[in-house]
J.: 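Here it is, the structure, as C-alpha cells.
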Amino acid sequence: MPQKIYNSATRKKETLKTVQERKVGIYVCGITAYDACHIGHARGAVFFDVVVRHLRSQGYEVVYVKNFTDIDDKIIDRAKKEGVSIGEISKRYIAMHDEDMAALNVLTPTLTPKATEHVPDMIALISVLVEKGYAYTADGDVYFAVEKFPLYGANSGRNLEDMIAGARVDISDKKKNPLDFALWKASKEGEPYWESPWGRGRPGWHIECSAMSRRYLGETFDIHGGGEDLIFPHHENEIAQSQAATGKPPANYWLHNGFVRINSEKMSKSLGNVFSVREILKKHHPEVVRLFILQSHYRSPIDFSESYLAETRSALVRCYTALRIKKEMLAKLSVAGSLPEDKISAPARDYIKQFKQMEENFDKALDDDFNTAGALGYVFEAVRMLNNYFMAAKNASPTDKIKTLTAAGKSFEHFGAVLGIFQVDPDDFFISDNERELRKRDLDREEIEKLITQRTAARKNKDWAKADAIRESLARMGVSVKDTSNTTTWIIE
RNA sequence: GGCGGCAUAGCCAAGUGGCUAAGGCAGCGGUCUGCAAAACCGUUAUUCUCCGGUUCAAAUCCGGAUGCCGCCUCCA
C-alpha cells in the first residue's frame with residue numbers, strides 16, 4: 001500500500017512520491033538550544049522518530065536531518081543573564097536534548113547540523129536573494145521583501161492583505177512591509193557576529209533551515225516537518241527564501257504535529273505550565289511517554305496530565321504482562337529440549353495467521369498518514385490474541401507452542417521496533433516500573449517484600465485470615481499481589 | 001479583525017459515504033482462584049454537540065447554530 005501523507009501546504013492527504021526512488025529526505029526543525037526540552041518537544045521528536053522508523057521498515061532509505069538553532073536572541077539573553085558565552089549555553093542544552101532524546105528511545109537523526117556551522121551557506125543564500133532583488137538592506141540588516149514573492153502566504157493559507165489588515169504585526173521603520181522578515185541582523189555591541197557583505201552581524205532564524213536543508217538534502221527534498229506553530233511564519237518564510245533563490249519549492253510534503261496542552265490550554269512559559277522531559281521521566285517509564293504520545297493522532301492536540309499517563313501505564317503493563325508470560329512459557333519449552341518434527345496443528349496455524357494479519361493491519365494504518373493510534377489498536381488486539389492463546393494452548397504440543405509464540409514474538413518485535421516500545425525485557429520493565437512507583441510513593445521495597453514473605457508463609461499454613469490481612473495492609477499501600485502456582489508477584493497500582 | 005482546527009461511551013481515542021461505530025482506561029456479570037489479582041469470555045454509544053439539507057445510504061458530504069482550541073508575536 002502506498003504511503004499517504006497529509007500535506008499541510010495543500011491541506012489534503014496525498015500519496016508520497018519521492019524525489020528519488022525508494023529514498024526519502026526529511027528535514028525537521030529542531031530546538032533552539034536555550035532551555036531544557038519539554039513534553040511538546042518530546043511529542044514532535046517521538047512522532048517524527050516513528051515516521052522515520054516506519055518508512056525504513058517499509059524499505060525506504062531515509063536521510064533524516066534535524067537541526068539545532070544555536071544562535072538566537074533567546075540564547076544571547078540567557079548567556080548574558082548567566083554571564084557565560086553563547087557557546088556554553090547552546091552546548092549545554094544540546095547535550096541535555098541528546099540525553100532526553102536517548103532516554104525516550106528516539107533514534108539519532110542521520111544528520112544534526114548546527115546553525116553556527118553553516119553561516120557561510122546562509123550568507124551565500126542571502127546574497128543570491130539580494131542579487132535577484134528579493135531582499136534589501138537597511139542599516140546592516142537584510143530583509144526579505146514578501147511582496148516580491150507572489151506565492152507568499154499560499155502554503156499557510158493566508159494572503160498578504162488580510163494579514164496586514166489584521167495589524168497584529170509589528171511596525172518597524174526599517175521594513176518596507178511589516179511582514180518582511182530579517183535574513184540578516186546587524187549585531188549590537190557585545191553580541192556575537194560574523195563578517196558579511198552587509199557588515200558584522202548574525203543570521204535571522206528562518207534562513208538557517210533553508211541553508212541547511214538545501215546543503216544536506218538538495219534544492220527540493222521530500223518531507224519537511226515541525227510543530228504546527230511553525231506553519232506560519234517560519235515555514236512560509238523558508239519556502240519564500242528557498243523558492244525565490246532556486247525557483248523550486250524546498251519540500252514536496254509539509255508535515256506538522258499538534259501541540260501538547262495542559263488542561264486544554266496551550267503549554268507555555270507565560271502560563272507557567274511547562275513540563276520538562278526530565279521531570280516527567282523521573283515519574284514515568286519512557287515507553288509510557290511514547291505510548292501516551294502515540295495513542296492520539298499526531299495532528300490532534302493532546303492533553304497532558306499525570307492521570308492520563310497513569311492510564312497509559314496500565315495499558316503498557318497489560319502489554320508487558322503478556323510479553324512476560326510469553327517469555328516464561330517459551331523459556332520452559334526451550335528447556336524441555338528438542339523440537340519434535342510433527343506438523344503444527346490447524347488452530348496453531350490459525351493463530352500464526354492472525355498475528356501476521358495484525359502486522360499487516362498495523363503497517364497499513366501507518367501507511368495511512370502515520371495513524372499511530374489506529375496501529376496501536378491492532379497491537380492491543382494482538383495482546384488479546386496472545387493472552388487468548390495462553391489459555392487455549394494448555395494442551396497444545398510443544399511444537400505448536402514454540403511456533404505460535406515465536407510468531408507472536410516476531411509481530412511484537414515489529415510493533416516495538418516501529419513504535420519504539422517493547423524495547424526492554426519484560427522482567428526489567430517490571431523491575432524498573434516497581435522502582436519508579438516505589439520512589440513516587442515513598443515506599444520501601446524491603447518492607448513490602450517482608451510482608452509478602454510473611455503472607456506466603458501464612459498461605460502455606462492455610463492461614464487464610466492472616467494472609468488476607470497482610471494482603472489488605474499491602475493494598476492500603478497501593479500494592480497489589482498476584483499469586484501464581486508457586487510464586488507471588490506484586491505491582492503498585 | 002483575518003485564517004484554520006476540533007466536538008464520537010464515565011474518561012482517553014481511532015474511524016471521514018454503505019458489513020455488528022477499532023482500541024485503551026474505568027465499571028459490571030461469568031470462568032479461573034482458598035479468596036483475590038492477572039488473564040480469558042461476555043457486557044457497557046440503536047448512536048457519533050444541536051438544527052436543517054444532499055443521497056437508495058452520513059458520525060463521515062453541504063449549510064447554519066452552539067461550545068472549545070490554535071495560528072496571525074518567540075514558540076514544538
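Since the model is a prediction, treat every value here as computed from it, not as a measurement. The sequence lines fix the lettering, A, B, ..., with proteins before strands; numbering per chain opens at 1.
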J.: Would you confirm whether the ring centroid of A:Tyr378 sits within less than 6.0 angstrom of the ring centroid of A:Phe362?
T.: no
J.: Quick one: is B:rA38 close enough that its OP1 or OP2 comes under 4.0 Å of any side-chain N or O from A:Asn387?
T.: no
J.: What does A:Gly44 touch in the nucleic acid at a heavy-atom separation under 4.0 angstrom: a base, only the sugar-phosphate, or nothing?
T.: nothing
J.: At 4.0 Å (heavy atoms only), tell me whether A:Val379 reaches a base, stays on the sugar-phosphate, or touches nothing.
T.: nothing
J.: Could you tell me whether A:Glu381 and A:Arg384 make a salt bridge, using a distance below 4.0 angstrom between a side-chain N and a carboxylate O?
T.: no
J.: Output yes if the stacking criterion (under 5.5 Å between centres, under 30° between planes) is met for A:Trp464 over the base of B:rG34, else no.
T.: yes
J.: Can you find a donor-acceptor N/O pair under 3.5 angstrom joining the side chain of A:Asp303 to the base of B:rC69?
T.: no
J.: Hey, what do you get for OG1 (A:Thr404) to CZ (A:Phe390), rounding to the nearest 0.5 Å?
T.: 11.0 Å
J.: We want to know whether A:Glu14 and A:Thr10 form a side-chain donor-acceptor pair, criterion being a heavy-atom distance below 3.5 angstrom.
T.: yes
J.: Taking NZ, NE, NH1 and NH2 as the nitrogens, is one of them in A:Glu287 or A:Arg290 under 4.0 Å from a carboxylate oxygen of the other?
T.: no
J.: Quick one: pull up CZ in A:Phe370 and CG in A:Leu294 and give me the separation to the nearest 0.5 Å.
T.: 12.5 Å
J.: Which part of the nucleic acid, if any, lies within contact of A:Ser300, taking any heavy atom under 4.0 Å across all strands shown: a base, the sugar-phosphate backbone alone, or nothing?
T.: sugar-phosphate
J.: Salt bridge or not for A:Asp433 and A:Arg313, using N-O below 4.0 Å?
T.: yes
J.: Under 4.0 Å, counting only non-hydrogen atoms across every strand here, what does A:Leu230 touch: a base, just sugar-phosphate, or nothing?
T.: sugar-phosphate
J.: Any base atoms under 4.0 Å from A:Ala373, or only sugar-phosphate, or nothing? Heavy atoms, all strands.
T.: base
J.: Quote, to the nearest angstrom, the C1' distance that separates B:rU16 from B:rU60.
T.: 4 Å
J.: In Watson-Crick or G-U wobble terms, both distances under 3.5 Å, what is the partner of B:rA9?
T.: none
J.: Look at all strands and tell whether A:Lys266 reaches a base, only sugar-phosphate, or nothing, counting heavy atoms closer than 4.0 Å.
T.: base
J.: My understanding is that a pair needs two contacts under 3.5 Å, Watson-Crick or G-U wobble. By that rule, which nucleotide pairs with B:rA22?
T.: none
J.: OP1 or OP2 of B:rA36 sitting under 4.0 Å from any side-chain N/O of A:Thr488?
T.: no
J.: For nucleotides 3-11 of chain B, which of its nitrogen or oxygen atoms have a protein nitrogen or oxygen under 3.5 Å away, and what is each distance?
T.:
residue, atom, partner, partner atom, Å
B:rC3, O2', A:Gly157, O, 3.2

J.: Using OP1 and OP2 only, check whether a side-chain N or O of A:Asn371 sits under 4.0 Å from B:rG15.
T.: yes
J.: Do any side-chain nitrogens or oxygens of A:Arg318 fall under 4.0 Å of OP1 or OP2 in B:rA39?
T.: yes
J.: Looking across every strand, which nucleic acid part, if any, lies under 4.0 Å from A:Arg455 by heavy atom: base, sugar-phosphate, or nothing?
T.: base
J.: NA contact type, A:His38, heavy-atom cut-off 4.0 Å: base, sugar-phosphate, or nothing?
T.: base
J.: May I ask which nucleotide in the shown strands pairs with B:rA59, Watson-Crick or G-U wobble, both distances under 3.5 Å?
T.: none
J.: Strictly by Watson-Crick or wobble contacts shorter than 3.5 Å, is anything paired with B:rU54, and which nucleotide is it?
T.: none
J.: Hey, is NZ on A:Lys450 packed in by over 12 heavy atoms from elsewhere, all under 6.0 Å?
T.: no
J.: Under 4.0 angstrom, heavy atoms only, what part of the nucleic acid is A:Phe259 near: base, sugar-phosphate, or nothing?
T.: base
J.: Taking the C1' atom of each, how far is B:rG67 from B:rC50, in whole Å?
T.: 11 Å
